Amino acid sequence: MATSSTKKRPQIVPPTPANLEAAGRLIRAGRLVAFPTETVYGLGADATHGRAVAAIFAAKDRPRFNPLIVHLADRAAAEEAVVFDERAERLAEHLWPGALTLVLPRAAGSAISPLTSAGLDTLAIRVPGHHVTQALIAAGARPIAAPSANRSGAVSPTTAAHVAESLRSRVDMIIDGGPCPIGIESTVVDLTRPEPALLRPGGVTQEDIEAVIGPLAAAAEEGGAPRSPGRLVRHYAPRLPLRLEAEEARPGEAYLAFGAHQAAAAATVLNLSPAGDLPEAAANLFAMLRRLDRPEFTAIAVAPIPEAGLGRAINDRLRHAAAATADRPLAGGGAMG
Ligand code: TXA
Ligand code: MG
């Protein structure tokens, strides 16, 4: 029997038509394929296949109570999985395909495995815009359940190399589509209540969503339980502590700059966006955190990031990472996965 040391390493392959066909066959056979999306890399399997979905949770060491997002080709496919309302229709019309995940009631008789949604009667769905994601969904001819392709609790991967570092022999194929253009996970909006709620800030801004359906409520906790189960999971944690809103680095710290903020001359500095551009900063965030997460530093000091547009999602991830590395519970903020 193969052990982890003798098991074949997953192939990292370019998204050629032949490789996408092979990936589609793997999906239909209930196997795991890591793939690029416009947000982060996903770890995908056939969402209708209970054992395949169970294999995703096992590969990530993900708690079974934390439900997965289902990736679909288009709105027609989405309407077979969930019950749309008028708000969902408007958001789909304006913001799909894209980095927006909608939580809606499961459709009666939906083919999606209950394990995908961790037994909930709601389902998170999204229609991705990345051409490789769309090609994989077409080749597999199945709805694809996929969390971010990292071990549970680690920083999301934005390159195929990041996926290989953390999941190695636990996936059957890694499709390399280059760096993810947005670089931060999708925005998760809960439409199962009269008042729409933001469960996780992400790649589509709150401002863009509110322009379509009006004000979003912040996700409140109910009876001590967060409405998005991912909130319970330790998240986005580099190994080093993070120090946020830092105007400059202290001795021993690495510095993650933004815009004109400069660190002390001696510090190792990466700049999320020298021009102060939030989309550029989001695209660089996870890769730069990984690059600075090295034992020769005592901590990563991070420059202040404006709390608007994509800055909300960036600050949400930074606050969760800081809370996780400080090992203290986080009050407020978005939902994690
Ligand atoms: O951009 C993304 O969203 C990436 C790519 C691969 O699509 N995926 C991703 O998945 O970030 P994941 O599993 O890392 O995060 C999914 C988040 C978690 O916080 C989870 O708790 C929440 O969505 N979620 C999923 N289904 C839900 C549901 N039915 N109700 C509430 N929250 C849900
Ligand atoms: Mg995740």
Side-chain angles (χ1 to χ4, degrees), residues 33-45 47 53 56-57 59-72 81-82 96-106 110 112 114-130 132-134 136-137 143-158 162-163 166-167 175 177 180-193 197-204 219 222 225-237 282 286 313 316-317 320-321 324 333-337:
V33 175
F35 60 94
T37 80
E38 67 269 59
T39 58
V40 299
Y41 274 72
L43 176 62
V53 174
I56 295 177
F57 285 93
K60 280 189 61 121
D61 300 318
R62 181 177 176 112
R64 293 282 185 106
F65 63 74
N66 193 7
L68 307 178
I69 297 170
V70 178
H71 300 70
L72 297 149
V82 294
W96 275 356
L100 174 65
T101 294
L102 302 179
V103 176
L104 287 162
R106 287 175 74 100
S110 155
I112 307 298
L115 198 54
T116 303
S117 52
L120 298 173
D121 54 10
T122 60
L123 194 64
I125 54 161
R126 124 169 148 89
V127 172
H130 196 292
V132 175
T133 326
Q134 281 290 343
L136 176 66
I137 295 169
I144 295 184
S148 48
N150 50 277
R151 298 289 182 99
S152 187
V155 177
S156 289
T158 56
H162 294 162
V163 178
S166 74
L167 292 172
I175 302 173
C180 299
I182 295 177
I184 206 155
E185 302 87 343
S186 63
T187 306
V188 182
V189 173
D190 182 356
L191 294 177
T192 63
R193 312 287 174 86
L198 181 66
L199 299 188
R200 178 177 75 179
V204 169
E222 286 172 356
R227 270 167 63 181
S228 189
R231 286 290 307 279
L232 293 167
V233 182
R234 190 178 186 275
H235 259 99
Y236 302 112
F286 292 144
D316 173 84
R317 303 306 187 271
H320 276 81
M336 300 298 108

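Counting starts at 1 for both ligands and their atoms, in listed order. Just so you know, residue 1 is the first one in the sequence shown, and it goes up from there. As the structure is a prediction and not an experimental result, all values here were calculated from the model.
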Undergrad: Would you mind listing which atoms of ligand 1 come within a distance below 4.0 Å of any non-hydrogen atom of Arg126?
TA: 1 (O), 5 (C), 7 (O)
Undergrad: Got a donor-acceptor contact below 3.5 angstrom from the Ser156 side chain to the Ser148 backbone?
TA: no
Undergrad: Ignoring angles and geometry beyond distance, decide whether Thr39 reaches within less than 3.5 Å of ligand 1 through its nitrogen or oxygen atoms.
TA: yes
Undergrad: Regarding atom 6 (C) of ligand 1: of the candidates Ser152, Pro67, Gly42, which has the closest heavy atom?
TA: Gly42
Undergrad: Quick one: which ligand 1 atoms are inside 4.0 Å of a heavy atom on Arg200?
TA: 2 (C), 3 (O), 9 (C), 11 (O), 15 (O), 16 (C), 17 (C)
Undergrad: So for ligand 1, is Tyr41 a polar contact partner (N or O within less than 3.5 Å, distance only)?
TA: no
Undergrad: With heavy atoms of Ser148 as the reference, note each atom of ligand 1 found under 4.0 Å away.
TA: 8 (N), 9 (C), 10 (O), 12 (P), 14 (O)
Undergrad: For His71, take its heavy atoms, then give the atoms of ligand 1 lying under 4.0 Å from any of them.
TA: 5 (C), 6 (C), 7 (O)
Undergrad: Less than 3.5 Å between some nitrogen or oxygen of Thr101 and one of ligand 1, yes or no?
TA: no
Undergrad: Quick one: which of Pro147, Pro63, Gly183 has a heavy atom closest to atom 10 (O) of ligand 1?
TA: Pro147
Undergrad: Is the contact between Arg62 and ligand 1 made by the side chain, the backbone, both, or neither, using heavy atoms and a 4.0 Å cut-off?
TA: side chain
Undergrad: Could you grab the distance from atom NE2 of His71 to atom CZ of Phe35, nearest 0.5 Å is fine?
TA: 5.0 Å
Undergrad: Got an N/O contact under 3.5 Å between Thr122 and ligand 1?
TA: yes
Undergrad: Going by heavy-atom distance to atom 3 (O) of ligand 1, choose the closest among Gly203, Ser186, Ala99, Pro105.
TA: Ser186
Undergrad: With only distance considered, is Ser117 within less than 3.5 Å of ligand 1 through an N or O on each side?
TA: no
Undergrad: Do you know the tightest heavy-atom contact between Leu100 and Ser186?
TA: N-CB, 4.1 Å
Undergrad: If you take all heavy atoms of Thr37 and Pro181, which pair is closest and at what distance?
TA: O-CD, 4.1 Å
Undergrad: Is any side-chain N of the basic residue among Arg151 and Asp61 closer than 4.0 Å to the acidic one's carboxylate O?
TA: yes
Undergrad: Could you pull out the closest heavy-atom pair between Ile184 and Arg317, with the gap in Å?
TA: CD1-CG, 3.8 Å
Undergrad: Test your reading of the model: is there a side-chain donor-acceptor pair from Tyr41 to the backbone of Gly177, 3.5 Å cut-off?
TA: yes
Undergrad: Using every non-hydrogen atom in the two residues, find where Leu167 and Leu43 come nearest and quote the distance to one decimal.
TA: CD1-CD2, 4.1 Å
Undergrad: Would you say Asn66 and ligand 1 have an N/O pair spaced under 3.5 Å apart?
TA: yes
Undergrad: Any chance you could measure Asp316, atom CG, to Leu198, atom CG, to the nearest 0.5 Å?
TA: 8.5 Å
